[in-house]
Amino acid sequence: MRKAIITLLAMASAMTGYAQYRDVKLPEKPAQREYRDYSSRDKGFWCAVEAEGGSSIMSDLPNMQHVTLTFTGGYRISEYLRLGVGAGGRVYVNNADVRNTDNRFGVPVFANARGNFISAYDRDGVPFWSFNIGGVTNDGFFASPAIGYSFGGLRDNFQIGLTYTIAAFKDCTQTSRAYSYFGLKLGYEF
């Protein structure tokens with residue numbers, strides 16, 4: 001009996017020692033999307049950098065094109081409404097035939113409201129709206145609504161949109177005119 005107990009203890013010791021040094025495989029991480037904490041992304045500060053190119057579409061007057069680069073910052077109330085202010089630079093093409101200045105450059109300063117049409121919680125791309133209202137140095141008042149599509153979720157989005165801009169300035173005959181522009185806007189919002 002004593003030999004049996006000693007044999008059992010020796011086998012238990014050997015098994016314990018073997019079990020301690022064997023290579024254990026842990027489960028692999030599941031292949032799924034990473035968790036996104038949407039509640040922290042729903043409110044707070046946001047910024048956008050946007051480039052826009054457009055052309056006026058006047059049938060009886062000479063047309064003028066512009067290229068604009070803007071920076072906008074503000075507060076995100078929800079994914080459906082963000083408010084902010086912005087500024088940038090604008091370069092006019094075919095300027096001498098339309099505006100009453102030789103200066104081809106302007107600085108737009110504006111207020112901005114924007115938001116999503118539908119929730120971005122479960123989607124990586126959603127349609128959005130945007131509205132700028134303000135003024136341009138050496139020109140005057142402008143308003144610019146835009147609609148487009150935003151790729152990327154709630155934050156860190158690439159955006160592409162169509163804009164309509166109406167701008168007031170004095171033309172070469174010193175007459176105050178309202179020029180309409182259609183344009184394409186590309187941007188990044190974070």
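The shown structure was predicted, so the numbers you read here are calculated from the model rather than taken from an experiment.
For residues 134-161, the ring-ring contact (aromatic ring centres under 6.0 Å, His included) pairs, not counting sequence neighbours, are Tyr149-Phe151, Phe158-Tyr188. Sorted by first and then second residue, the ring-ring contact (aromatic ring centres under 6.0 Å, His included) pairs involving residues 48-90 (not counting sequence neighbours) are His66-Tyr181.
Taken together through direct or relayed side-chain contacts under 4.5 Å among Ile, Leu, Val, Met, Phe, Trp and Tyr, Leu83 and Trp129 form part of one hydrophobic cluster.
Asn157 is not listed as a side-chain neighbour of Phe190, based on a closest heavy-atom distance of 4.5 Å or more. Within the 4.5 Å cutoff, the side chain of Thr70 has heavy atoms near those of the Thr68 side chain. Side-chain contact between Gln159 and Phe128 is present, with heavy atoms from C-beta onward closer than 4.5 Å. Counting heavy atoms from C-beta on, the side chains of Phe131 and Ile133 come closer than 4.5 Å. By the 4.5 Å heavy-atom criterion applied to side chains, Phe169 and Tyr179 are counted as neighbours.
With respect to Glu50 and Arg114, a salt bridge is recorded, a charged nitrogen being found less than 4.0 Å from a carboxylate O. In summary, Arg82 and Glu189 engage in a salt bridge, as defined by a charged side-chain N under 4.0 Å from a carboxylate O.
Across Val126 and Ser119, no two heavy atoms sit closer than the pair CG1-O, 3.6 Å.
For the atom pair CD of Glu79 and OG of Ser150, the computed distance is 10.5 Å after rounding to the nearest 0.5 Å. Rounding to the nearest 0.5 Å places OG1 of Thr165 at 6.0 Å from CZ of Arg90. For the atom pair Lys185 NZ and Ile160 CD1, the distance stands at 12.0 Å (nearest 0.5 Å). Residue Leu184 holds its CG atom at 13.0 Å from OG of Ser55, rounded to the nearest 0.5 Å. Distance check, rounded to the nearest 0.5 Å: OG of Ser56 to CE of Met64 gives 6.0 Å. In this structure, the separation between CD1 on Ile77 and CH2 on Trp46 is 11.0 Å, given to the nearest 0.5 Å.
Heavy atoms of other residues, nucleotides or ligands lying less than 6.0 angstrom from CD1 of Ile147 number 12 at most.
Looking at Thr163, its side chain never comes within 3.5 Å of a backbone N or O of Ala146 through a donor-acceptor pair.
Side chain to side chain, Ser130 and Asn112 meet the donor-acceptor criterion of an N or O pair below 3.5 Å.
The hydrophobic cluster around Tyr164 extends to Ile57, Ile166, Phe182, counting ILVMFWY residues whose side-chain heavy atoms fall within less than 4.5 Å of a member.
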